[in-house]
Amino acid sequence: MSEKNTKNISKDLGTIDVKSYLLKVISYWKLFTLTLILCLAIAKYRNMMEEDTYKISSLIAIDEKSNPMLTSSTNISFNWGGASNMVESVKADFKSRTHNEKVVSSLQCYINYLEKEKILFETRYKDVYGYTPFKIKVKNTDCYQIQNHKIKLVFIDSNKVQVSLSLPEDSGEIQLYNYNKQVTKPFVLDGGKYLKNFDVDKKITTPFCEFNINLLEKPKPNTDYYISFGSFNKIVSHYRNIDVKTAVTGTSLLDINLKGTNKKRLIDYINKTIYILGETERNKKIKYAVQTKKFIDSLFDVESNVLKDLEGSLISFKSQNALKLSNEGKEAYEQILNYNQQKKELENNTELLLRLKNNALTQDIDIKNIPLGEITDIGLQASLTELINFLLLKEKLLVNDVYPTHPDFIDLESKIKISKQNIKSRIDALVSYNSIKSRNIKEDLNNIKTSIKDLPLKEYKLIQLEKSYSISEINYNHLKQKSYDAGAAIAANSSSINIIDGAKDIGQDPLARKSSFNYIIAILLSVILPLILITLFEALDNSIYTVEQIERLYHIPVVGVVGKNNKNSNLVLLNNPNSPVAESYRALRSNIPYLFHKGDHQNNNKTILCTSTISGEGKTVTSMNIASSFALVGKKTILLGFDLRKPKIHKDFNMGNSKGLVDYIIGQESLENITQETPIKNLELIFTGTIPPNPSELISSDATKKLFEILKAKYDYIIIDTPPVGLVSDALDLMKYADANLYITRQGYTKKGMLKMIDQKYTNNEVHNIAFVINDFSQTSKYGYRYGYGYGYGYGYGYGYKQEDKSKDTVKTRVVQYFKRSK
């Protein structure tokens, strides 16, 4: 791979010039300023149009209470399910559709209270629930209401209110909604408008709505209030988003949060949803207790009748027989009662053990529900105490946010599992023991019954009656106590939901100050959007702006940079010799000799050709001023107008173009006749003359070749102005006569792709001694911060000829080294 191709690859890769890019960004300060103003204006508008959002919270505790009057053996709601299940159930209830429908219906949240506000050129309706001097109530469950249309209320005085409705012209048929039955029916309002006065203390009945007004305070007369009826299902769906989460991990504390724009509406809803859920849960427990008491009372009535019959039979038998039990009979009777009591206790104990095994030990129970006091076995008590300690430790770890993957947590879980297995084994052993003991009691009872058969018949019957009466009396007393306990449970029953902190307005600030937030977003957008636009502009902009761009993309070097000419005259060195642009031409003149071959450098006769890709890039202006700069330093110079298709030089010199190069080449004029002097000493001109039909043939003719031989013998410098090479090939044909070729580009005008053709010819050695000149260069941050690494713009060297050597020294080393590398 050649050195030039290697250089091309490395240049194409390039690097990002951060400083240059930042300066370009700064140059668009007007765009940033305009965007900032627009974004801040939009932010201010949004701040005025939007309401702040608030967050209202409440803290509750879930406690599944048992009636303290009841033991586990008699408790009608005996349950070891634990609080954990109930906490999750309560969470689900708060978010359930059925529960929220109850709350929305109770509060009639579908009624919106609105106040009209005029902000700039728009109207906003603000939610003023809780801030109006009245409240709307829908009492008739069969009435239908218009939805999503604003009903205007104007209080004429404390006794009269004007109700009006104005529908859009294209509204047509609308739907009325019954919030009780949740059904709709069609309705058409004649004319689309309604207006009528009503008494405040009477029911408001219109074709499209029915409601009552409850005055909370004296309303302001002639003040506009608005109400509307919203979609029931949408409102329920909105409130189902209520946030319910465990306040502290591992506990039954729940944090309830709701967000919205109206604090009072949020407070009412949270407090009402907690109240309704608590009452629902309480009513369920009461209903269960009532049903249980009803069942107990039915058994009690039956047992009461049985006891009365037995009592009557016993009294009758004793009165008829005047019989008393013998010592042997009394002993048998007491043994029977004792064995029956033991049998009952064993049955209760076995039931307790089985419930503990099947219910309590199948999950992580609430330690409060382990009935230690009712466990008579010391070994089982010790095992349960150990389990309780493990569960307390587990709860402590959860509160301290110890994850289940922690080694301590894993070890504790293992210990809990082993403890539960030990308890189950112990329970199985106790149940088996109770079963054996129960069988022994039954055998003893059978033996006693057999023994008393030997007693006299009347005494035997008396024992039987006494036994039946005692057993019935025990059952009677037991059912009576259960009935009392059930009644007490109904009376003392309370909700398992305890409010720790109710929802309340304590001056909560908005979740995020929308004014500040929107302004921050506006500032960010005012930076980001222009950066995106600038990046897009830069990506789509294919123009040449800086020396660095040319050096990165092409092999042809840059020999100079010419500044922007803000004067009317193109002859800068003649009419504005002290201007920065004039100095840039002098710097360019100093750089041109380094384009010549070393052998030609000793020759005082130099031919310099100026061309470009397309017209408008400044090749003619550059050629005129380069010629002027050589003439002004005492070099005999001639400027040739070889743009045979579109000549311009004569216009800037205010001379005629009646004869010139074309006339000489075709043999109609002599060289002396076409050569014209200029106001600049040592500078002569040969214009184009007659515009020919065949410029290319004339340029390739022997006459042209002879012309250059004559001129080189006569002048120190020959400057050639040619047509653009991107349009015709004239300039390429003339390059064989030139010792140096200046290819003019224009900042922000020349496109990058335009230079590929001439650069390719350079790399293929089809053209030689060529260099780019950037014309019309403006020192702005948009185009970079340098003028070309010493190619010279003029500012650093002063104004005037005395600074020529300084300019020359600045570029000498760089240009010479470049051409040494390229050759």
Side-chain angles (χ1 to χ4, degrees), residues 54-65 77 83-113 127 129-130 135-141 145 177-182 211-212 214 216 229-247 252-260 262-291 489-505:
Y54 298 90
K55 178 180 177 182
I56 301 297
S57 302
S58 178
L59 183 65
I60 65 173
I62 310 300
D63 182 18
E64 190 172 6
K65 297 178 180 178
S77 59
S84 58
N85 286 340
M86 188 170 185
V87 168
E88 296 303 320
S89 177
V90 169
K91 285 183 180 180
D93 286 339
F94 272 120
K95 290 178 170 288
S96 67
R97 177 181 55 81
T98 302
H99 170 69
N100 283 280
E101 284 179 351
K102 293 179 183 178
V103 181
V104 170
S105 298
S106 176
L107 286 175
Q108 295 188 346
C109 297
Y110 45 81
I111 301 177
N112 299 311
Y113 299 81
D127 182 6
Y129 171 89
K135 199 163 187 179
I136 299 297
K137 285 290 181 182
V138 178
K139 296 183 178 180
N140 188 352
T141 58
Q145 315 290 351
Y177 188 79
N178 185 297
Y179 287 96
N180 182 48
K181 300 177 181 178
Q182 297 188 15
F211 57 86
N212 290 84
N214 294 334
L216 305 177
F229 295 87
S231 170
F232 182 81
N233 291 328
K234 286 184 178 179
I235 294 170
V236 170
S237 177
H238 167 73
Y239 284 114
R240 289 183 69 186
N241 293 323
I242 189 170
D243 183 23
V244 183
K245 58 186 178 182
T246 305
S252 59
L253 295 177
L254 293 183
D255 190 13
I256 303 172
N257 302 297
L258 195 59
K259 298 177 183 178
N262 188 298
K263 284 187 180 181
K264 292 189 176 181
R265 188 184 289 276
L266 298 176
I267 292 170
D268 287 351
Y269 194 89
I270 290 178
N271 290 332
K272 180 62 74 171
T273 192
I274 295 173
Y275 172 78
I276 289 180
L277 188 59
E279 286 298 301
T280 301
E281 183 269 338
R282 178 174 174 270
N283 290 334
K284 285 181 181 178
K285 293 170 68 176
I286 291 176
K287 182 179 179 181
Y288 173 70
V290 169
Q291 291 175 344
I490 295 171
N493 213 331
S494 62
S495 173
S496 298
I497 299 176
N498 298 322
I499 300 176
I500 297 176
D501 286 328
K504 183 180 179 181
D505 184 359

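- In this structure, N498 CG and I274 CD1 are separated by 11.0 Å, a value rounded to the nearest 0.5 Å.
- You'll find the side chain of Y110 stays beyond 4.5 Å of the side chain of K234, heavy atoms only.
- By the 4.5 Å heavy-atom criterion applied to side chains, I256 and D243 are not counted as neighbours.
- Between D93 and E281, every side-chain heavy-atom pair lies at or beyond the 4.5 Å cut-off.
- Remark: D255 pairs with no residue by the salt bridge (charged side-chain N to carboxylate O under 4.0 Å, His left out) rule, at least two apart or across chains.
- Side chains of Y54 and N262 form no contact here, defined as non-hydrogen atoms less than 4.5 Å apart.
- Of all heavy-atom pairs spanning S58 and G502, the tightest one is OG-CA, 3.7 Å.
- In terms of heavy-atom proximity, Y179 sits nearest to G230 at OH-O, 2.6 Å.
- A distance of 11.0 Å separates CD1 of I235 from CD of Q108, quoted to the nearest 0.5 Å.
- Between the CD1 atom of I497 and the CZ atom of R282 there is a distance of 12.5 Å, given to the nearest 0.5 Å.
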Checklist entry - Passes side chain to side chain contact (heavy atoms under 4.5 Å, CB included), K259 versus N241? Steps please. => result CA-CA 9 Å; K259 298 177 183 178; N241 293 323; over 6 Å; no

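- Contact record, A503 with N271: N-OD1, 3.0 Å, taken as the closest heavy-atom pair.
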Checklist entry - Where do L254 and T246 land on the side chain to side chain contact (heavy atoms under 4.5 Å, CB included) test, with the steps shown first? => result CA-CA 5 Å; L254 293 183; T246 305; 4.2 Å; yes

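- Other residues, nucleotides and ligands contribute over 12 non-hydrogen atoms within 6.0 Å of the NZ atom of K95.
- Contact annotation: the side chain of S105 approaches that of F232 to within less than 4.5 Å [non-hydrogen atoms, C-beta and beyond].
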Checklist entry - Between Y177 and Q182, is a side chain to side chain contact (heavy atoms under 4.5 Å, CB included) present by the stated rule, with each step listed? => result CA-CA 7 Å; Y177 188 79; Q182 297 188 15; 3.2 Å; yes

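- Of all the heavy atoms in Y269 and L107, the pair that sits closest is CA-CD1, 3.6 Å.
- Side-chain contact between R240 and F94: absent, with no pair of heavy atoms (C-beta onward) separated by less than 4.5 Å.
- Residues Y129 and D268 form a side-chain contact, since some pair of their non-hydrogen atoms from C-beta on lies under 4.5 Å apart.
- Residues that satisfy the salt bridge (charged side-chain N to carboxylate O under 4.0 Å, His left out) test with K91, not counting sequence neighbours, are E88.
- For the atom pair I56 CD1 and I267 CD1, the distance stands at 4.5 Å (nearest 0.5 Å).
- Evaluation of the salt bridge (charged side-chain N to carboxylate O under 4.0 Å, His left out) rule for K272 yields no partner, not counting sequence neighbours.
- The CD1 atom of I242 sits 5.0 Å away from the OG1 atom of T273 when rounded to the nearest 0.5 Å.
- Taking the side chain as every heavy atom from C-beta outward, N112 and R265 approach each other to under 4.5 Å.
- Scored by the side chain to side chain contact (heavy atoms under 4.5 Å, CB included) test, S96 finds H99 as partners (sequence neighbours excluded).
- Atom OH in Y239 sits 6.5 Å away from atom CG in L258 (nearest 0.5 Å).
- For K263 (side chain) and D505 (main-chain N/O), no donor-acceptor pair under 3.5 Å exists by modelled atom type.
- Looking at residues two or more places apart in sequence or on another chain, you find no side chain to side chain donor-acceptor pair (under 3.5 Å) involving K504.
- Residues satisfying the salt bridge (charged side-chain N to carboxylate O under 4.0 Å, His left out) test with K181, not counting sequence neighbours, are D142.
- Looking at S237, its side chain never comes within 3.5 Å of a backbone N or O of N233 through a donor-acceptor pair.
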